[in-house]
There are 2 protein chains.
Amino acid sequence: MISQTEENYLKALFILANENGETGVNELSKFLGIKMPTVTSMMKSLADKNLVRYITYKPVILTVTGKKEAASIIRKHRLTEMYLVEKMGFGWDEVHEIAEQVEHVKSNALFDKMDEALDFPKFDPHGAPIPDKNGKIDFPDQRKLSECKVGETIQLSGVIHSSDVFLKFLNSKNLKLGTILTVQLIEAFDGTRELSYDERTAEILSEIACEKLLVQNLKHI
Amino acid sequence: MISQTEENYLKALFILANENGETGVNELSKFLGIKMPTVTSMMKSLADKNLVRYITYKPVILTVTGKKEAASIIRKHRLTEMYLVEKMGFGWDEVHEIAEQVEHVKSNALFDKMDEALDFPKFDPHGAPIPDKNGKIDFPDQRKLSECKVGETIQLSGVIHSSDVFLKFLNSKNLKLGTILTVQLIEAFDGTRELSYDERTAEILSEIACEKLLVQNLKHI
DNA sequence: ATATAAAGTTAGATATCACTAACAAAATTA
DNA sequence: TAATTTTGTTAGTGATATCTAACTTTATAT
Ligand SMILES: [Mn+2]
Ligand SMILES: [Mn+2]
Ligand SMILES: [Mn+2]
Ligand SMILES: [Mn+2]
């Protein structure tokens with residue numbers, strides 16, 4: 001049995017993994033808000049359970065089993081968020097904390113029912129891909145809005161690390177997933193962007209905000 | 001903050017409370033499947049938090065705060081069961097274990113949404129009353145089927161301590177909440193009942209089963 | 001190359017929640 | 001009333017998950 005605490009570590013490792021699938025103890029510690037010695041000892045115990053590969057002073061890597069477990073929890077989290085938004089009338093800024101708890105419920109049936117009721121969604125309300133039952137994730141062709149050039153027209157398709165403060169800010173600008181944007185201007189001095197979308201012709205967004213927004217090219221018919 | 005573990009103790013105390021609101025440590029221990037010394041020490045710690053009144057060798061009583069907390073958890077449990085059955089297509093024999101976990105989710109909004117979606121139900125799928133937000137429970141006028149006399153016609157309105165085995169057994173007999181029953185015969189020897197309902201004229205039910213079924217008088221128009 | 005900073009570990013403490021073994025009180029039976 | 005059973009407590013142990021303080025290793029900067 002994997003405890004709720006362990007599940008949160010596995011999920012974090014999955015999310016933080018770099019290109020090599022590695023995560024430093026310090027990074028993990030900061031992300032979870034748990035002190036490094038606690039993380040170190042948890043890594044030892046996860047290694048004993050064959051969920052991570054861990055050598056002292058080296059970054060941590062999820063095993064195949066660990067990766068599968070992590071993906072399963074992320075799947076539950078994202079299905080829950082989608083269900084709360086689509087079927088229960090929550091806003092996208094209200095669901096993360098609830099999903100953080102519901103993701104630990106031991107019941108495949110519950111999440112299968114959500115999946116079915118939602119007609120097997122591929123993305124959560126923040127545009128993050130939902131892993132399938134085998135833990136496979138279908139990453140869409142996204143880049144950051146901050147990487148787009150002046151004149152480009154793209155579609156908002158995701159938000160990174162969606163804090164409710166940021167999501168409420170997007171609400172106030174009427175920015176939603178699916179919104180089609182054109183980059184009108186990039187301020188050379190501080191990277192501030194001027195964007196047009198809907199009826200808005202010159203909405204201003206800081207570079208920091210643009211780094212948290214994911215976009216895709218428009219789909220042609 | 002009340003932990004998940006503590007919540008389960010409070011809920012049990014609420015359910016087991018006798019006429020005086022008391023529960024013995026032994027009874028609690030058996031109900032929760034936790035050894036008595038553990039229960040004793042938990043009672044001390046709940047008393048420190050002012051959730052129970054506890055004097056050594058005396059039965060335990062919930063304080064007003066404790067009772068309120070317990071009712072709130074029971075409310076969450078029963079709303080969840082109702083939501084799973086009514087909105088997600090689960091059977092009444094499949095929801096208890098899931099609700100046992102979901103009841104601990106810290107989010108008033110989640111349960112308020114369920115309540116609203118269900119149009120503020122008064123009973124759960126097993127006929128148990130759902131406490132209101134203030135913890136008040138509206139007990140219906142129920143008695144056990146085993147207490148009914150030959151010739152009485154009543155309506156099935158609840159099941160006691162609903163294990164999935166028992167519920168599946170009721171499914172197999174096509175017994176549901178709302179079913180109208182007539183007691184045709186009570187076997188003097190062992191208390192076995194012969195019942196008629198729907199198109200069935202002589203369905204046999206053991207006394208043990210009848211003790212687990214709650215009925216009410218038919219409502220007149 | 002050395003000093004400093006950052007990252008990571010070890011050791012030891014604490015809280016929570018469980019257990020067994022041994023004992024004590026209360027209730028029941030003889 | 002005395003013996004026995006049931007109920008309940010105390011004491012001591014262990015697992016899990018957290019922390020702080022002190023130390024070590026690795027990486028970075030001078
Ligand atoms: Mn989330
Ligand atoms: Mn979580
Ligand atoms: Mn239940
Ligand atoms: Mn529970």
Side-chain angles (χ1 to χ4, degrees), chain A residues 1-13 15-62 66 69-70 73 100-101 103-104 106, chain B residues 1-13 15-62 66 69-70 73 100-101 103-104 106:
Chain A
M1 258 293 97
I2 301 179
S3 73
Q4 209 158 304
T5 306
E6 289 170 327
E7 286 187 349
N8 285 334
Y9 280 91
L10 293 177
K11 198 171 51 134
L13 283 167
I15 290 164
L16 296 175
N18 66 17
E19 320 77 53
N20 307 312
E22 301 171 327
T23 312
V25 169
N26 187 245
E27 201 186 348
L28 190 50
S29 164
K30 279 176 185 151
F31 183 82
L32 291 171
I34 287 169
K35 294 291 188 296
M36 288 183 60
T38 308
V39 173
T40 297
S41 74
M42 181 56 90
M43 289 311 104
K44 285 178 183 167
S45 115
L46 290 178
D48 288 346
K49 296 187 177 183
N50 258 297
L51 294 164
V52 305
R53 214 112 283 162
Y54 169 64
I55 299 161
T56 47
Y57 296 107
K58 292 251 150 62
V60 186
I61 304 183
L62 285 168
E69 284 296 337
I73 303 151
E100 202 60 47
Q101 300 175 67
E103 69 189 359
H104 303 291
K106 262 71 182 173
Chain B
M1 257 293 95
I2 301 179
S3 74
Q4 210 157 303
T5 306
E6 290 169 327
E7 286 187 350
N8 284 334
Y9 278 91
L10 293 177
K11 198 171 51 133
L13 283 167
I15 289 164
L16 297 175
N18 66 16
E19 320 77 53
N20 307 311
E22 300 172 329
T23 313
V25 169
N26 188 247
E27 201 186 348
L28 191 49
S29 163
K30 279 176 186 151
F31 183 83
L32 291 170
I34 287 170
K35 293 291 187 297
M36 287 183 61
T38 308
V39 173
T40 297
S41 75
M42 180 57 90
M43 288 311 104
K44 285 179 184 167
S45 115
L46 290 178
D48 288 346
K49 295 187 177 183
N50 258 297
L51 293 164
V52 304
R53 214 113 283 162
Y54 170 65
I55 299 162
T56 47
Y57 295 106
K58 292 250 150 61
V60 186
I61 304 182
L62 284 168
E69 285 295 339
I73 302 152
E100 202 59 47
Q101 300 175 66
E103 69 188 359
H104 302 291
K106 261 75 183 171

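Note that the structure is a prediction, hence the values are computed from the model and not measured. Because only heavy atoms are used, hydrogens play no part in the values below, and waters and symmetry mates are left out as well, while side chains stay in. Below, chain A is the first sequence line, B the second, and so on; all start at residue 1.
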Of all pairs that satisfy ring pair (Phe, Tyr, Trp, His ring centres under 6.0 Å), the ones with a partner from residues 37-57 of chain B, not counting sequence neighbours: none

Can you tell me how far [atom2] of [N] sits from [atom1] of [X], to the nearest Å?
X: A:I2; N: D:dA15; atom1: CD1; atom2: P; value: 20 Å
X: A:Y9; N: D:dA17; atom1: OH; atom2: P; value: 8 Å
X: B:L28; N: C:dA18; atom1: CG; atom2: C1'; value: 15 Å
X: A:Y57; N: D:dC23; atom1: OH; atom2: P; value: 14 Å
X: B:E27; N: C:dA26; atom1: CD; atom2: P; value: 19 Å
X: B:K58; N: D:dT6; atom1: NZ; atom2: P; value: 22 Å
X: B:E6; N: C:dT16; atom1: CD; atom2: C1'; value: 9 Å
X: A:M1; N: D:dT16; atom1: CE; atom2: P; value: 14 Å

At under 4.0 Å between heavy atoms, what does B:K44 touch on the DNA or RNA strands: base, sugar-phosphate, or nothing?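 Result for B:K44 = sugar-phosphate.
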
With [X], which residues qualify under salt bridge (Lys or Arg N to Asp or Glu O under 4.0 Å), at least two apart?
X: B:E7; answer: B:K106
X: B:E100; answer: B:K11
X: A:K49; answer: A:E6

Taking only heavy atoms on the protein side, list every residue of residues 46-56 of chain B lying under 4.0 Å from any atom of DNA chain D, sorted numerically.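 Residues of residues 46-56 of chain B under 4.0 Å from DNA chain D: B:Y54, B:T56.
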
Output the residues of residues 29-43 of chain B in contact with DNA chain D, where contact means a heavy atom of the residue under 4.0 Å from an atom of the strand; sort by number or write none.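 Correct list: B:K30, B:M36, B:P37, B:T40.
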
With sequence neighbours excluded, tell me which residues meet side chain to side chain donor-acceptor pair (under 3.5 Å) with B:K30.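 B:K30: side chain to side chain donor-acceptor pair (under 3.5 Å) contacts with B:N26.
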
Minimum side-chain heavy-atom gap B:L28-B:M42 below 4.5 Å: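 B:L28 does not reach B:M42 side chain to side chain.
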
Does some side-chain heavy atom of B:T38 sit less than 4.5 Å from a side-chain heavy atom of B:Y9? yes

I'd like to check the side chain to side chain contact (heavy atoms under 4.5 Å, CB included) partners of B:N18; sequence neighbours left out, ordered by chain and number. B:N20, B:E22

Can you name the ring-ring contact (aromatic ring centres under 6.0 Å, His included) partners of A:F31, sequence neighbours left out?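 With neighbours one apart ignored, the set is A:H161.
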
